[in-house]
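Below: the structure, in structure tokens.
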Amino acid sequence: MKISLDWISDFVALPNLAPEEIGKTFTHHTAEVEGVEDQAAAYDKMVIGKILSVSKHPGADRLNLAQTDIGGKTVQIVCGGQNLFEGMLVPVGLPGSWANVHGGDRMQLAEIKIRGEDSFGMICAGEEIGLAPDNAVGSKTDVRIHNLTHTKAKPGTPLAKALGKEGAVMEVDNKSLTHRSDLWGHYGIARELAAIYGKNLAPLDSFTKIPATKGKAKVHVDIQDAVLCPRFSSAIMTGIKIEESPQWMKARLQAAGMNAHNNIVDITNYVMLELGQPMHAYDRAVLGSDILRVRFAKKGEKLVTLDETEQALTPEDPLICSGKDEAVGLAGVKGGLKSGISTATTEVILECAAFDAVLVRKASMRHALRTDASQRFEKSLDPTLTEVALKRAIHLILQLCPGAKLEGPVDTVGTWKPKKVVLKITPENICSKIGISIPTPKIIALLKSLEFEVQKTGKSLTVTVPSHRSTRDVLIPEDLVEEVARLYGYNNIPALLPEKVLELPKENVERGLEHNTRAILSASLGFTEVMNYSFYGKDRLEKCGLDEKDHLKVLNYLSLDQSHMRTTLTPNMLANIAANARERAVIKIFELGHTYKEVGEFMPLEEKRLTAAVAENGEAFYAAKGALEVFLKEFHVSNYELKPSAKILPYSHPKKSADLIVKGKTVGVLFTVHPGVLRAFDIPQDVAMFSVDFAKLISLGRELTRFQALAKFPALPFDISILVDRKKTVAEMETAIRSTDSNGLIESVKLFDIYEGKNIPEGQKSLSFNVTLRHPDRTLTDAEFQALYSSVGTALAAAGGTIRGL
Amino acid sequence: MHDSLGELQKEAVAALEKAASLAALKEVEKNFLGKGGKVTGLLKGLKDLPDEEKKSFGKAVNDLKVALEGLYQSRSQILEREEIDRTLENDWIDLTAPGTQHETGHIHPLSETQEEVERIFQQMGFTIVDGPEVESEFYNFEGLNIPSYHPARDMQDTFFIDKAPHPTEGKMVLRTHTSPAGQVRALMQHGAPLRVICPGRCFRNEATDASHEHTFNQVEGLLIDEGISLAHLKGVMLEFLKRLFKRDLKVRFRPGYFPFVEPGLELDMSCPFCDQKGCRVCKHSGWIEFMGCGMTHPHVLKTAGIDSEKYQGWAFGFGLTRLVMMRYAIDDIRHLQNGDLRFNEQF
């Protein structure tokens, strides 16, 4: 919202500070000022000039020489304006000022010669200096310049002053005013500034003074829903002449970001910008009767609003209707086109009402009409304003339209009664929450400066909230803490550390282990962490063979590839691999994130999963298996098994899938991705993954390593290679080797090579083991070694292996 | 015999001094002092000498042996030094050739910073809590004093799940902030006194560009105890930021509005990137808007069944994603979650 400091100064004498300073102070005490703009800066070195005489330029047909009084000095200015006349007041850009010459780029003006004639600056057209344009874009013929004769300003008057564009404008962040309905007008802002700077706020009386009237004319207001409209003030005025508003009013409207239309419409807007209360003026003749009805719309009813769009209405839409029960406005949102003010209007009905915040907000959202009015009503305006604002409007109409006449009294109807919000609080409580000791008289003074009534009884304060703060903003004692704290100044609060905790914080083991997991996978195993969205689309879900009905669907998803909540981390990680596959042959990534499964209850099953993937050319399964094994070892999970999967995941290779079982419970899965899925994702490499239910693994797994005594006697290792049927497993062969060891002499059996292909008979494979023997208490004898060595050979042969040359 | 011993000594000393390499020296040592060496031979012959000679000659041979061993040791040291010097002189390495590549993985910058944040708050006595990312409207809004008609719901563009609403919990939503877990659920579960932080993923239904993401991470904080004030909030945040940025910083409060706190505040920190001299990050203002915060609203305490007469405190929420972008000078928020490993591998 734009706030003109010039307008503010109608109500409070601001201290003599730079506008930026005032903006900063407002930010620190009330609401965020996003910027402060000095309106006059754009009109630097521009003055009102009076044309004394006009003559043709001797060297150019379309140019004139204008002798111009710029205040105590007459200068010659070359000007192409075809509308120049003697006595005309014009904007003159003196040398050194800046203008968009002929509507083009900004240029600094200078004292120059144009075709041999001196020209002292430039006489400007509106579009050249940010005023209403005088010429169409690109138009070169019949050039017109800006006529300011109506300002009746003296030659030499600074242009900004003549235009009423002197003050600075503060842009206040609307979001930071969400809870402050009282700050949606200049008067409310002035009230804050008065409190902040300890100045007096001018009472509204003199601004709302209207003459007594003998007239009896009244609008008959029929409120059919008291919740929708608790209060409605109205008045009838005649003798209206629709004209342009005076420059000062136009300037203020523009400063606040509104365009000027005509005196009546401008006044209703002016009052809204000043007091925060929206209002509306109807053409009494078009309305046809002095009756206004407030009701909800009927099904199928329609209304063409002022922006010339037809609104299809619903029974939740609040309406203002004429005596013929025709809709003439969407209450609190926008007026109807038909009954609006036109140049022919001579009599007006003024409406100034209170509407329910929620109903207005919903209507405004339903029709996508976020108007200045709806924006204010939805903040819960103070209903006392209806009468005050109406009087202010009448005051202004009488001031601007000398012929205007009030036909009857300001009439207010509605069920609304002023309610008093009275809060009790102790200064001690206030100070304990702010964290600083503020003397009680100071607290009282601060509250009073914001028009709170304060009574001290014993240790406690009884505070009556002013009506403009009691609609929604200040309703509980805590709200008073804020008032005191912000006015006293948040910068005065010291920084303190809370007392030491007597009870130590509970440790979040799971969270600590998440970081541990990341360290193992990245530093030890060379995996890179990715973070993907929690969604994927139907396309990706189908590529992985997942069932849509296991998924939560996002109702208002942003794009088709983000419509379903992930039930597994795999699909998005496969997309990561596909996206990076061109740049690298080997990809190792992991993700630790939530999955969400529809399980037929209200809340989904939300799990924290760890998934890691290896993509490489050739068989990737063992790379993933090795990574899982190292991860489990480093993570202190030793008592696990990998067994052929009980259930094959839809995106898994049916033969290459094993369940990770810890203490009899399945906590994860190790698998190669189905070749069909890889093709669907356009991944050239083989991809294997492991995925673990993280919380479950932690709850079952972890054991500390137990120290094993270091061997004192030397080991005797030997290697043995065999040929076996390719479908024999390593585990079978290892079991055969170990079966020979009745004395516990085999310390370890490690497979170090597995090979099929060249030099190996079809259907067979070569397995090479390294076997280490060791006696715990002495050195093994050669005889013992030979005996075990030969029985390993026999056992392997019995298991179907043929010993290869060593 | 003693004369011949003198000859032998001369011969041995000359040979030891003449030896030009460690190998040659070793050979000389073997010839005189080795098993079949000449000096060893004399020692072996001692047993055949008469007793009176045995003693004096024996001593002379032994002296010779000790002297030669000493000479051998010192020559050996000199030659060894010469050999090393020669090696050093001849050795050369191409310092510009690359080191052996040791493959490591990379932790995501969000995780890295989150861990630091968690560590600092743990040092200050905070517990870390977690919560669901799919929430009900009750926990995401009502429990936080944001009723359905509240305009603040405009500020939160919410993702809804396509599912019939729950009679008391309302519709299912993707949480728009970490407040439901870090405030409502934490208070309901643990009661007061309580000091927790809750880092986590949040969602807002807004279009994505270089500085906007529909998925981002926040850190919620909550401290409820007796006599807790805004001064403590200032103190804790100042300490946190100093430890995180490892430099002296300033913080300041401004009024702000969040329905679940009263008073509501914004906290700015002095720019740690330019020490308030003015830079791109702080838009030359010297201050960075860091977070929203305030004294926990009695409605929130009441929802969780906390006695708001006895306990009071504050809550805050800051954007972890934004913090990470500032810290690492990341100019496009989309890099964080699009899985282009050229990004992830930088951290």
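Quick note: numbers below take in every heavy atom, side chains included, and nothing from hydrogens, waters or symmetry partners. Numbered from 1 within each chain, the chains take letters A, B, ... in sequence-line order.
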Among the listed options [options], the residue most often paired with chain A at heavy-atom distances under 4.5 Å:
options                                : value
B:Glu213, B:Arg342, B:Gln312           : B:Gln312
B:Leu265, B:Ile107, B:Thr215           : B:Ile107
B:Leu110, B:Ile228, B:Leu174, B:Val129 : B:Leu174
B:Gly294, B:Pro199, B:Gly227           : B:Pro199

Identify which part of [X] has an atom lying under 4.5 Å from any heavy atom of chain B, answering side chain, backbone, both or neither.
X        : result
A:Leu558 : both
A:Arg584 : side chain
A:Gln375 : neither
A:Glu483 : neither
A:Leu525 : neither
A:Lys362 : neither
A:Lys433 : both

Which atoms of [X] approach chain A - backbone, side chain, both or neither, heavy atom under 4.5 Å:
X        : result
B:Glu289 : side chain
B:His214 : side chain
B:Glu206 : backbone
B:Phe126 : backbone
B:Leu238 : side chain
B:Val196 : neither
B:His102 : neither
B:Pro298 : side chain
B:Phe347 : neither
B:Met172 : both

Hey, can you pull the donor-acceptor pairs under 3.5 Å for the side chains in residues 572-582 of chain A, sequence neighbours left out?
residue: A:Asn572; atom: OD1; partner: A:Arg540; partner atom: NH1; Å: 2.9
residue: A:Asn572; atom: ND2; partner: A:Tyr533; partner atom: O; Å: 3.1
residue: A:Asn572; atom: ND2; partner: A:Phe535; partner atom: O; Å: 3.1
residue: A:Asn576; atom: OD1; partner: A:Asn532; partner atom: ND2; Å: 2.7
residue: A:Asn576; atom: ND2; partner: A:Asn532; partner atom: OD1; Å: 3.0
residue: A:Asn580; atom: OD1; partner: B:Leu341; partner atom: N; Å: 3.0
residue: A:Asn580; atom: ND2; partner: A:Asn576; partner atom: O; Å: 2.8
residue: A:Asn580; atom: ND2; partner: B:Gly339; partner atom: O; Å: 2.8

Would you mind telling me which of B:Asn338, B:Asn344, B:Leu336, B:Asp340 makes a side chain to side chain contact (heavy atoms under 4.5 Å, CB included) with A:Val530?
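The side chain to side chain contact (heavy atoms under 4.5 Å, CB included) with A:Val530 is passed solely by B:Asn344 among B:Asn338, B:Asn344, B:Leu336, B:Asp340.
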
Separation of [Y] [atom2] from [X] [atom1] (nearest 0.5 Å):
X        : Y        : atom1 : atom2 : answer
B:Asp162 : A:His551 : CG    : NE2   : 14.0 Å
B:Asp130 : A:His594 : CG    : NE2   : 5.5 Å
A:Ser432 : B:Glu226 : OG    : CD    : 10.5 Å
A:Asn492 : B:Phe253 : CG    : CZ    : 12.5 Å
B:Thr104 : A:Lys588 : OG1   : NZ    : 10.0 Å

For the student: nearest non-hydrogen atoms of [X] and [Y], plus distance:
X        : Y        : value
B:His106 : A:Thr528 : CD2-OG1, 3.2 Å
B:Arg201 : A:Ser534 : NH1-OG, 2.8 Å
B:Pro255 : A:Ala31  : CG-N, 4.5 Å
B:Ser111 : A:Met531 : OG-CE, 3.3 Å
A:Glu606 : B:Gly131 : OE2-O, 4.4 Å
A:Gly435 : B:Ser229 : CA-OG, 3.2 Å

Could you have a look at [options] and say which one has the most heavy-atom pairs with chain B under 4.5 angstrom?
options                                : answer
A:Ile476, A:Leu592, A:Leu497, A:Val358 : A:Leu497
A:Phe527, A:Phe602, A:Phe590           : A:Phe602
A:Arg511, A:Glu591, A:Lys553           : A:Arg511
A:Val554, A:Val481, A:Ile434           : A:Ile434
A:Ile587, A:Ile493, A:Ile589           : A:Ile493

Test item: [X] side-chain N/O and [Y] main-chain N/O as donor-acceptor pair under 3.5 Å:
X        : Y        : answer
B:Glu262 : A:Glu482 : no
A:Asn508 : B:Thr127 : no
B:Asn205 : A:Asn556 : yes

Report yes if some heavy atom in the side chain of [X] is under 4.5 Å from a heavy atom in the side chain of [Y]; otherwise report no.
X        : Y        : result
A:Gln562 : B:Thr208 : no
A:Lys24  : B:Arg254 : no
A:Ser176 : B:Glu266 : no
B:Leu223 : A:Pro498 : yes

I'd like to check the side chain to side chain donor-acceptor pair (under 3.5 Å) partners of A:Thr30; sequence neighbours left out, ordered by chain and number.
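Residues passing side chain to side chain donor-acceptor pair (under 3.5 Å) with A:Thr30: A:Glu192, A:Arg486.
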
Pair A:His515-B:Arg119, side chain to side chain contact (heavy atoms under 4.5 Å, CB included): steps then yes or no:
CA-CA 11 Å; A:His515 295 304; B:Arg119 198 178 54 234; over 6 Å; no

Under a 4.0 Å N-O cut-off, is there an ion pair linking B:Glu115 with A:Arg518?
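So B:Glu115 does not pair with A:Arg518 through a salt bridge.
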
Walk me through it: do A:Leu555 and B:Lys171 pass the test side chain to side chain contact (heavy atoms under 4.5 Å, CB included)?
CA-CA 11 Å; A:Leu555 186 68; B:Lys171 288 179 220 138; 5.9 Å; no

Checking side chain to side chain contact (heavy atoms under 4.5 Å, CB included) for the pair A:Met565/B:Glu133: CA distance, chi angles, key distance, verdict?
CA-CA 11 Å; A:Met565 300 301 290; B:Glu133 290 167 2; over 6 Å; no

